[in-house]
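Predicted model only: the values in this text are computed from it and were never measured. Start at 1 with the first residue, then count along the sequence.
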Amino acid sequence: MLTLLIGIIVLVGAGYLGFVFYQRRTIKMATDVYENKRDLNKIPLDDEFALAKKMNLTGESHKKYDQLYNKYQHYKNQMLPNIDEGIAAVKEDGKGINFLKTKSDWQSANQAIADADATLKEIQAGLAQLYDLNKQHKLALEELEKKYKRLREDILNKNESFGPSIDSLEKMLSDIEGTFDEFTQLTKSGDPNSAEEVLSDLNNSTDKLESYMGRIPKLYQLLSKEFVEQVDEITSGYKELKGKQYNFPNDKFDETLKGISDQIKVNTNKLKTLEVDSVEKATQDIADRIDKLYDAIEKEFQARPKVEKNTKIIGQYIEHVRKQNSDLQLRLETLNKSYILNHQEIENNHQFDQQIATIEKKYQDEVNAMQNGTAVYSTIDADQTHMIKELGQIESEQKDLFSATVKLPEQEQAARNALAKFDLAMRNTKRRIDNHNLPGLSNDYQDAFTAVIREINHLDDAMNQPQIDVDDISKQLTIIQSDMDTLDEKTNQLIDDATLAEQTMQYANRFIGSNSEIAAASKTAQMYFDQKYDYEQSLNIISKALEKQSSGMFAKIKDDYFNAKKHLKTEKTDEDES
C-alpha cells in the first residue's frame, strides 16, 4: 500500500515538472516570435515613402509608387495585426496543455513574420529602383545635353565638311532635339519609367547622328576632292602618255574614267539621304578602280625604258646565236663527210634555225610596233623576257652539240691508237706462244684467237671507210677489249699448263722404271700433250700420279714455277721503267 502511494506521488511530481517545463518553453517560443517581429520595425519605410513622395512622380512612375504604397499599407494594417494575434495565441496556448496547437500557432506566427519580411524587402527594392532610375535619368540628361550641344556646334562650325548631307543631318538633329525635350520633360515631371523608353530611342538616334558626323566628312572629302583630283590626274597622264606613243592592253581608260565619274556623282547624291553604309562600300570600289588605272600607267611607264634597253641587247643576241648556228652548220657539214652523225645533230641544227627565225620575226614585229607608235611596252617586256630565256636555251644546246661533235676526231684518233695497240698485243701473244715451241694449239684456243683477229680486221675496215661511225667503232672497241682480256687469260692458262706439264713429266721420269702406274700416267699425259694439245688434261693426269708416289711434290713444282715467273715479271718491269 505504501509502495503504491509512493508511485502515485512520483507520477504526480513528474507530471508537474513536465507541465512547468512546457510552460517555460512556450513562453520562450512566444518571446522569440516577438523578437522577430521587432526586427521588422527596424526598416524605416515611412521615411523612404516620404522621400519618394517629394520626387513629384507622375505617369507610370507614380503608378508604381502607388502600388508600393498600397502594399505597405496592407503590411501595416493587416500583416502586422495578424502577427500580433499569432503571438497572443502562442502565449494563450502556453497556459494549457495542448502541445500540438501551440506548435501550430508558433509555426503560423513565424511564417507570417517571414512573409512580412519578404514584403518589406520587395517594397524597399521597388523604392530604391525609383530613386536609382530618377538619378540615372538626371545623369543621362546632363550627358545627353552635353553631347547634343557638341553635335549642334559641330554642324554649325563644320557644315562645309558635310557637303550635301548637311540638310539631312540638321533634320536629324532637329528630331533628336524634339525627343530630347520630351525626355527632359518626363524626367523633370517625375516619370522615370516613361522617360526610360524615350531614353533608349534618344540614345540610338544620337549615336547614329554622331556616327554619321564622324564618317561623312571623310567620305565627302574623297568624293568631292581626292577622287576628282585623281581622275583628273589620270586623265591628264593618260593623254600625255598617249601623245608620247604609249599604249595599253585592252585600253578602256575613257570608259573606266567615265564610269568612275558617274559613281562619284551617284554616291555624292546618296550622301544627301544619309546612305552612309552604301557610300562607304562604293568609295572602296572607286578607290580600287582608280588604283588599277594608276598601276596600268605605272606598268607601261616603267616597261618602256627596260624594253628600249633590251631591244638592242636582244637584237645582238639573235645575231650571235644565228652566227653560232651557221658556224655549227658548216662544222656539221664538214664532219658529215668523214663521220656518220647518229644523234640528229643536223636535224637539231635545223631546229635551232627555225626557233631563231620565229624569235626574230616576233622581235622584228615588236620593233616595227615601237617605230610606228603602236607598241604596248608591258606586253613587249614580257615577250622579251621569254625571248632571252629561249635564246639562252638555244645557245646552251648549241654548245652541247658543238662539244659532242668536236670530240669526233679525238675519238677517231683514240680508236686508231687502240687498233694499233690491239694489233701489237696479238703479235706479242703469238710470239709468246711461239717461244714455248708447243707442238700445237687446241681448236678452242685457236677459235678464240682467230675471233679476236677477225674483230680487229673488222675494226680496221670500219676505220678505213669514207664515213666513220664513231658510235659503232666505240662499241667494237669495247667488245675487242673484252675478248682480248679473255684471250689473254686463256693464253696465260695455256702456257702455265703446258710448262707445268713438261716440268712434272720430266720429274716423273725418274719413277718410270720403278713405278708402273707413273709410267702409264706419263705415257698418257705425253699423248695428250703431243697429239691432242690438251695441256690442262696432260697436267692433271701426271700431277695426280706423282702425288700418289710422292705427296706434296707437285705443289712444290707448282710453287717454284710461279715464284720464278713472278720474279721474272718483276725484273722485266724494272727494265721497262729504267
Side-chain angles (χ1 to χ4, degrees), residues 154-173 208-309 366 369-385:
D154 286 346
I155 288 180
L156 291 174
N157 297 331
K158 303 176 183 178
N159 60 343
E160 292 184 0
S161 67
F162 299 113
S165 303
I166 187 65
D167 291 340
S168 296
L169 291 174
E170 288 179 345
K171 172 66 168 58
M172 194 173 180
L173 182 65
K208 193 173 185 180
L209 176 61
E210 189 174 30
S211 173
Y212 285 168
M213 291 176 65
R215 294 153 66 192
I216 288 174
K218 180 181 178 181
L219 296 174
Y220 181 60
Q221 172 74 8
L222 287 171
L223 293 169
S224 64
K225 183 174 176 61
E226 290 186 26
F227 287 161
V228 174
E229 290 176 353
Q230 289 172 344
V231 167
D232 291 343
E233 183 179 40
I234 292 171
T235 302
S236 174
Y238 171 73
K239 290 180 179 178
E240 182 179 352
L241 290 178
K242 289 293 287 183
K244 294 179 180 180
Q245 296 187 332
Y246 282 83
N247 298 284
F248 300 86
N250 301 317
D251 189 352
K252 295 182 179 180
F253 264 77
D254 291 336
E255 179 183 340
T256 303
L257 288 169
K258 183 180 183 307
I260 292 172
S261 296
D262 291 342
Q263 268 189 295
I264 292 173
K265 292 177 183 178
V266 168
N267 284 279
T268 301
N269 288 330
K270 284 186 177 182
L271 287 180
K272 292 181 181 180
T273 54
L274 302 182
E275 298 176 56
V276 179
D277 292 340
S278 176
V279 173
E280 277 184 335
K281 184 177 180 181
T283 53
Q284 184 59 53
D285 181 62
I286 294 171
D288 291 342
R289 296 179 72 183
I290 288 175
D291 286 343
K292 288 180 180 178
L293 293 178
Y294 273 121
D295 290 343
I297 289 175
E298 182 68 15
K299 188 176 182 180
E300 293 304 320
F301 188 75
Q302 291 183 352
R304 184 166 184 170
K306 186 178 176 182
V307 166
E308 290 173 346
K309 176 183 176 182
E366 292 179 344
M370 286 186 276
Q371 290 173 348
N372 61 33
T374 60
V376 178
Y377 287 98
S378 62
T379 302
I380 294 176
D381 182 31
D383 290 341
Q384 287 185 342
T385 300

Residue pair [X] / [Y]: nearest heavy atoms and the distance that separates them:
X      : Y      : result
Ile264 : Thr268 : O-OG1, 2.6 Å
Leu241 : Phe301 : CD2-CD1, 4.2 Å
Glu275 : Thr273 : OE2-OG1, 2.7 Å

Note to self: Set out, in order, the CA-CA distance, both residues' side-chain angles and the distance that settles salt bridge (Lys or Arg N to Asp or Glu O under 4.0 Å) for Asp285 and Lys281, then state yes or no.
What the structure shows: CA-CA 7 Å; Asp285 181 62; Lys281 184 177 180 181; over 6 Å; no

Answer yes or no: is there an ion pair linking [X] with [Y], defined by an N-O contact shorter than 4.0 Å?
X      : Y      : value
Asp288 : Lys292 : no
Arg215 : Asp277 : yes
Arg304 : Glu300 : no

Do [X] and [Y] have side chains that approach each other closer than 4.5 Å (heavy atoms only, starting at C-beta)?
X      : Y      : result
Val307 : Glu366 : no
Leu271 : Phe162 : no
Glu240 : Tyr246 : no
Pro305 : Tyr377 : no
Leu293 : Ile260 : yes

Check: Gln230 and Tyr294: side-chain donor and acceptor closer than 3.5 Å?
Finding: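 Gln230 vs Tyr294: no donor-acceptor pair found between side chains.
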
Check: Judged by modelled atom types alone, do Lys299 and Ser378 share a side-chain donor-acceptor pair under 3.5 Å?
Finding: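 No - no donor-acceptor pair under 3.5 Å links their side chains.
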
With rounding to the nearest 0.5 angstrom, report the [atom1] to [atom2] distance, [X] to [Y].
X      : Y      : atom1 : atom2 : value
Ile286 : Asn267 : CD1   : CG    : 5.0 Å
Met370 : Ile380 : CE    : CD1   : 5.0 Å
Glu233 : Glu226 : CD    : CD    : 12.0 Å
Asp291 : Glu298 : CG    : CD    : 12.5 Å
Ser165 : Glu170 : OG    : CD    : 11.0 Å

Checklist line | Step-by-step side-chain contact (heavy atoms from CB on, under 4.5 Å) determination, Asn247 to Lys242 | finding: CA-CA 6 Å; Asn247 298 284; Lys242 289 293 287 183; 3.3 Å; yes

Next item on the list: Can you establish whether the number of heavy atoms outside Lys258 located under 6.0 Å from its atom NZ is more than 12?
Entry: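 No, the 6.0 Å shell around NZ holds no more than 12 heavy atoms from other groups.
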
Margin query: Just checking Phe253: does its CZ atom have more than 12 heavy atoms from other residues, nucleotides or ligands closer to it than 6.0 angstrom?
Written below: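 Yes, the 6.0 Å shell around CZ holds more than 12 heavy atoms from other groups.
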
Check: Passes side-chain contact (heavy atoms from CB on, under 4.5 Å), Phe227 versus Ile290? Steps please.
Finding: CA-CA 8 Å; Phe227 287 161; Ile290 288 175; 3.7 Å; yes

Notebook entry, point to check: Counting distance only, does the side-chain N/O of Thr235 pair as donor-acceptor with the main-chain N or O of Val231 below 3.5 Å?
Noted result: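 Yes, because the side chain of Thr235 sits within donor-acceptor range (under 3.5 Å) of the backbone of Val231.
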
Margin query: Looking at Lys272, is its backbone amide N or carbonyl O close enough to the side chain of Asp167 to form a donor-acceptor pair, meaning the two atoms are under 3.5 Å apart?
Written below: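 No.
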
Next item on the list: Using the side-chain contact (heavy atoms from CB on, under 4.5 Å) rule, take Leu173 and Leu209 through it: C-alpha gap first, then chi angles, then the decisive distance, then the call.
Entry: CA-CA 7 Å; Leu173 182 65; Leu209 176 61; 3.7 Å; yes

Notebook entry, point to check: Leu219 and Glu280: side-chain contact (heavy atoms from CB on, under 4.5 Å), yes or no, with the steps?
Noted result: CA-CA 7 Å; Leu219 296 174; Glu280 277 184 335; 3.6 Å; yes

